Each structure stands twice: as C-alpha cells, then as structure tokens.
Amino acid sequence: MNYREEYQKWKALSFLDEKLKSELVKIENDEEAIKNHFSCFCDFGTAGMRGTMGVGPNRMNYLTIRRITLGLAKYIVNNKAEKQGVVITHDCRNNSREFAHYVAKVLTEFNIKVYISKDLRPTPFLSFAVLHMKAYAGVNITASHNRKEDNGYKIYLRDGAQMSPPDDQEIIGLVNNVTDAEIFVDPKNVKENKKLISIIPKSVEDAFLKGALDCMIHRDYCKKHGKELCAVYTPLHGTGYTFLKEGFKQAGFTNVHVVKEQNDECGDFKTIAYPNPETAPAFELAIKLAKEKDADICVATDPDADRMGVYVKVAKGKYVPLTGNELSACIFEYISNFKSKKMDFKKCLAVKSFVTTRLLDAIAKSYNIELGETPTGFKWIMKYVNKSPKKLVFSCEESYGCALSNYVRDKDGIGTTLLVLEMALALKKAGINLYDFLHLLYKSYGVHKCYAFSVIYEGLSGKEKMAGIMDKLRNNPFKKLADINAVKMIDYKTSKIIDLNTMAASDYDFPSTNTLKFFLDDNNTVTIRPSGTEPKIKIYFDIIDKSEELADNKFKILESALNKELA
C-alpha cells in the first residue's frame, strides 16, 4: 500500500467528520505519522481487529469498521445464515456505541438479522448470547483492557467462541477483498433496515446472570454467610457492574463496596491510564477504599469484564496481589477439591494456555483430571473444549482470564468474580486468606513461580523490529542462558521440536502460532511471543525451585541474560 497515495484518497473524501479531517491536516507534514496511519490496514489479532482510533486504514474509524463488517456480512451470506443473525454488544469506550450501531446498519444492507444490546455489556455476555440465541455470529466493539485511545472489533462465531481456523481465514480473506468503492461510503447514505434490528431480550440477560451464579459451588452457604466477607470492587469504568450489582445481591455478598470514581462507565478512563487489572495502578483507589473499610479482598474487572484480578488483605492495612497464574491455581484447587466429591473426573476436562503455570499440571495430576494445553488466546482454549466430549470444569490463561464452565465460551470475569468471593469467604471462615492458600499449594505441590515481562515496540518500525527478533531467535537459538544450558526449543510456528545439542528437528502436533519455548536443563522454561493485540514482545519464565527466594533470584539472572539476547 502506497501510504502517500492512500493519504490523498482519504483527504479527497468530502464526507469525513470534522475530527478525522482535522487529524488529516494535523499530520500532513509529518511523514512518519502518515506512514503509520496509511501504509497498511489494522492487523487482525487474536479475535479480530484492535488499534488506535483515528484517521486512515491503520486506525479504528467508521470506514475500517465498515471494511471488516462487509467481510463478516459476506461470510454470513455465503453460509446462508442471514436469518440466524448476529448479536452485537459494546463496552464503555469512546465511539463504541456509535461503532456498534454502525455495524448493525451495515449488516442490514445484506438482509442480516441483528440483535443489539440496549446499553454496554460485558464480553462474556456476548459469548453467552450468541449461544443462547443460536445466532450465527457475534460482534463486540471493545479494546478490552487497552488504553483509552484504542478500540477494537471482536468477532464470535456460532459456537460462542472467538473466531478460529478455518473460519477466521475465510473471514479475513473476504475482508481483504473488500474494495475501496465498498469502503468509501458516506455513513449517512447507509440506510438501515429497522425491521431487522432488535434489542437483546432481558430474558437473555437474566439467563446469563443465572449461568454466572451457577459457577458458584456453595450458593446456600454464601447466602447465609456472605455478609461476613467485606469486599471492595471496581469495574475500572467499564461493564462489570451491569451484572455484578445484581449478582452480588443474589449471591449473598451484601458487604461489597464499589469504587464510585471508577463506576461511571466512562471511556475517558479519567482515574487511570491503563485499565488493566494485571497492573498495580488499577487497584490504587480500590486499596484506598479497602483500607477505610478494612476489607478482606479487592476485586477489579477490566472494562469489558472478561478479566478479573485481586488484592488480598494479609495484615491490617496491607494488601498483596495474586498474579493470574497464582489466582488460577487457587481456583483450580478449590474447584477440584470440592467437585471431586460429586463428579467423575475421568469425564472432566481442564484447559490452559501454554504460558500458564505448570502448577496447574501438578493439581490436575493429583485429581486425575485431563489438562489440555493450547496457544495463548481463549479462541484456542474453547476450540479444544468444543472438540472434547468431556465436561469443562476449569480453563484459564495467565493474563487473569478464566472460564469456570462452558455456559460461555470465553474468559468470564463475572462468574469468576462470584466464585472468587465465595472462595475468599470459605477461607476466611477457615481462618486463612487466598495468599495463605497459595502457599499451602506450594507445600503440597512445590514452589512454582511464573514471571512475565514485555518489551514494547511502537509503530511500523516496531513491528519490523519484533519480526527481526523472532527470526533471529528462530534461526539462531541461544544454547545457554546465563550459565544454564538450553536443551530444547519448540518452534510453534513451524510445529517443530529442536534438540539444541544436535539441532535435529522433529514434528510437534500443535496449532501454528508465532511462539518459541526454550527448555533449560534445570527444569525451567522461557517462552517468547509477539502479542496478538498490542505492540510488544511478551516473555514468560516458568520456574520451579525449592523456595520463592531461590526462584526470584534465578529469574533476575535469567531476565538479565535474555535482555541481552533481545537487544
């Protein structure tokens, strides 16, 4: 794509709104900015498209929204599924509501039935609604936990999961074949067929909340004792409280204090730059309120409420976080321990992503539960689940994403929040907290610690840099990290296992994804992959050692050595 020619095409469009026109003028003498905006289309990532809002094909705007919607519409028409329809929801972000309604208008151009949410709703609700309403697809306008400048377009298919092979490639192919003439249409000239657009019924919302509450194990116990748990909750300006307000009440958690400053459903995220429950700043206001109330636990869901994170009170006025890996291990042990008395685990299944803690492997082995492993992204987890005849008891990935049953086919911050409060209550009644519980797991299964960090590469030059780093590591893998030998590498892109001593390669049956995992001769691993949704390379260390202190020290040494490899 010639970015200068593309810039001139957009500049010639008379119908662009004033904000996009002013942005065109602002960057007209900035060659690098024009290149970033106009040299390519927004990438398809894990489940759709995500990027910065603004002007040009490499930004989120109503023309790029139109382009992807046209591809999805053609996919639906090709499969003669117009009457099955599409469910559409959106989060709190600026332009999300407008983009969602524009998607609906474009779909009705193709006589496709549309069901749209009355207001903002969480991502897990969309997954549920697609299944419950037997729709052919779903669209959620959200950039999840990204910064306020971003937005995104998540596509779900008839199984309620994020689009995955082979359908994703078919849709991407149709999107790529959309012509300029189809894209460059004045939105005012897009005439919606109102007869084809319906509001998602409240009965669907009620059924979703019931499904979330059913994720709990001891409902009656919580109804009786729930008020004894003091909790703080923040939706981080997003969608979580739309269901959790009633969910807390029905579950019996009547002593939950909500962070008012972050319960405004505002896309400006005025209290926080990066609304991600994985980060400490996301919890600053929650912890302040927790100290005032002497709360037992703080919970945060990200803006589209598919992720949730916690801080736990370990002493008066002192709160510590659990990582996604640590929280997942606690949940899995809690579920397994209680359900082992009622379920035949030979007929059950748990699934995790391949960068999630091996502590889950130890727990699964202890309870004789099959544990599947997939690439990062819940589309892969749910593809695994959908192929199995077994009942899902737990699934997760390290970045605070869990699903506790298959009533939804994606990460579910709503059901997980309710179960975590139940777990915190049960542990409190037993005289311990979640942090203590984690360390009991270490005593049972050994100390498993995971460490993740990212290196950010902004802009087009950043993409090139990331590609170069991955090529270097793939073609010339390191054979020693610090003073520890690397003995094996799995190249998930080529589906090969490479013996780093002999460089002999053998086949590895796993979905292709641009990821490398190195196995060190001390039973520890390091995994390296570019993010599918953000401009960064993610690095994951999975370390098993005799103590947390030894594991922490080993990580520092290995991190320093790896940074030199990435330079």
Side-chain angles (χ1 to χ4, degrees), residues 50 52-53 91-94 96 122-123 142-152 231-241 244 256-315 317-328 397-402 411 413 416-417 420 424 434-435 450-458 531 533-540 552 555 559:
R50 194 183 300 186
T52 303
M53 288 181 280
D91 68 4
C92 58
R93 289 175 179 273
N94 296 327
S96 282
T123 286
T142 177
S144 191
H145 56 283
N146 281 36
R147 56 186 188 154
K148 68 179 181 181
E149 291 83 5
D150 293 347
N151 215 320
V232 165
Y233 168 68
T234 173
L236 296 180
H237 302 285
T239 63
Y241 203 49
L244 283 174
V256 178
H257 304 275
V258 180
V259 179
K260 293 180 180 178
E261 302 95 322
Q262 295 177 328
N263 191 29
D264 58 359
E265 300 176 353
C266 177
D268 288 331
F269 304 138
K270 57 189 177 184
T271 68
I272 186 172
Y274 190 44
N276 186 349
E278 292 181 81
T279 63
F283 277 90
E284 286 180 0
L285 290 175
I287 291 172
K288 179 182 176 182
L289 181 58
K291 289 178 179 178
E292 293 173 8
K293 303 295 183 180
D294 192 30
D296 301 299
I297 189 171
C298 296
V299 178
T301 51
D302 67 340
D304 70 325
D306 63 349
R307 302 169 188 241
M308 63 82 66
V310 303
Y311 270 65
V312 180
K313 184 179 75 173
V314 294
K318 183 178 180 181
Y319 293 82
V320 298
L322 295 187
T323 67
N325 282 305
E326 292 165 348
L327 182 61
S328 292
E397 56 185 11
E398 54 80 32
S399 55
Y400 285 108
C402 298
K411 300 182 291 291
T416 304
T417 293
V420 167
L434 272 167
Y435 190 72
C450 293
Y451 309 81
F453 68 95
S454 300
V455 182
I456 296 174
Y457 302 91
E458 295 280 11
S531 169
T533 56
E534 299 171 274
K536 61 176 67 171
I537 284 181
K538 292 186 172 184
I539 297 98
Y540 309 83
D552 290 343
F555 165 66
E559 179 189 26

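This structure is a prediction, so every number in the text was calculated from the model and none was measured.
When every heavy atom of A286 is checked against every heavy atom of C298, the shortest pair comes out as O-SG, 3.8 Å. Closest approach of D91 to T239, counting heavy atoms only: CA-CG2, 3.9 Å. Residues P303 and P275 come closest through the heavy atom pair CD-O, 3.2 Å.
The backbone N or O of I456 sits nowhere less than 3.5 Å from a side-chain atom of S454 that would complete a donor-acceptor pair. Between the side chain of R93 and the backbone N or O of R147 there is at least one donor-acceptor pair closer than 3.5 Å. Judged by distance alone, with hydrogens and angles left aside, the side-chain atoms of S96 form no donor-acceptor pair with the main-chain N or O of C92 at under 3.5 Å. Side chain of T52 to backbone of D150: no donor-acceptor contact under 3.5 angstrom is found.
Under the rule for a side-chain hydrogen bond (donor to acceptor under 3.5 Å, both in side chains), the partners of D268 that lie at least two apart in sequence or sit in another chain are N94. With sequence neighbours left out, T301 forms a side-chain hydrogen bond (donor to acceptor under 3.5 Å, both in side chains) with Y233. Residues passing the side-chain hydrogen bond (donor to acceptor under 3.5 Å, both in side chains) test with Y435, sequence neighbours excluded: none. Under the salt bridge (charged side-chain N to carboxylate O under 4.0 Å, His left out) criterion, D306 pairs with K154, K411, sequence neighbours left out. For N276, the side-chain hydrogen bond (donor to acceptor under 3.5 Å, both in side chains) partners are E278, not counting sequence neighbours. For Y451, the ring-ring contact (aromatic ring centres under 6.0 Å, His included) partners at least two apart in sequence or on another chain are F555. Under the side chain to side chain contact (heavy atoms under 4.5 Å, CB included) criterion, S328 pairs with F394, C396, C402, not counting sequence neighbours. For K148, there are no salt bridge (charged side-chain N to carboxylate O under 4.0 Å, His left out) partners, not counting sequence neighbours.
A 4.5 Å side-chain heavy-atom check between Y400 and M308 finds every atom pair outside the cut-off. Residues V310 and L327 have side chains in contact (heavy-atom distance under 4.5 Å, counting atoms from C-beta outward). The shortest distance between side-chain heavy atoms of P277 and L236 falls below 4.5 Å. In this structure, I272 and H237 have side chains that are in contact, with non-hydrogen atoms separated by less than 4.5 Å.
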Under 3.5 Å, which donor-acceptor pairs do the side chains of residues 317-325 form with other protein atoms, sequence neighbours left out?
residue : atom : partner : partner atom : Å
Y319    : OH   : A290    : O            : 3.2
Y319    : OH   : A295    : N            : 3.3
Y319    : OH   : A295    : O            : 2.7
T323    : OG1  : N325    : N            : 3.4
T323    : OG1  : E326    : N            : 3.1
N325    : OD1  : T357    : N            : 2.8

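Note: T279 OG1 to D302 CG = 10.5 Å, rounded to the nearest 0.5 Å. Here I287 contributes atom CD1 and T234 contributes atom OG1; the two are 11.0 Å apart, rounded to the nearest 0.5 Å.
Among residue pairs with one or both ends in residues 282-295, those qualifying as side chain to side chain donor-acceptor pair (under 3.5 Å) are D294-K313; sequence neighbours excluded. Annotation: salt bridge (Lys or Arg N to Asp or Glu O under 4.0 Å) contacts involving residues 257-266, sequence neighbours excluded, comprise D264-K270. Applying the ring pair (Phe, Tyr, Trp, His ring centres under 6.0 Å) definition to pairs two or more places apart or across chains, those involving residues 279-315 are F283-Y311.
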| request: Could you check V420 against I297 for side-chain contact (heavy atoms from CB on, under 4.5 Å), going step by step and ending with a plain yes or no? | output: CA-CA 10 Å; V420 167; I297 189 171; 4.0 Å; yes
| said: side-chain contact (heavy atoms from CB on, under 4.5 Å) for V299 and V256? Distances and angles first, verdict last. | reply: CA-CA 10 Å; V299 178; V256 178; over 6 Å; no
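With 3.5 Å as the limit, one finds no donor-acceptor pair spanning the side chains of R307 and T416. A side-chain donor from one of D304 and S144 sits under 3.5 Å from a side-chain acceptor of the other.
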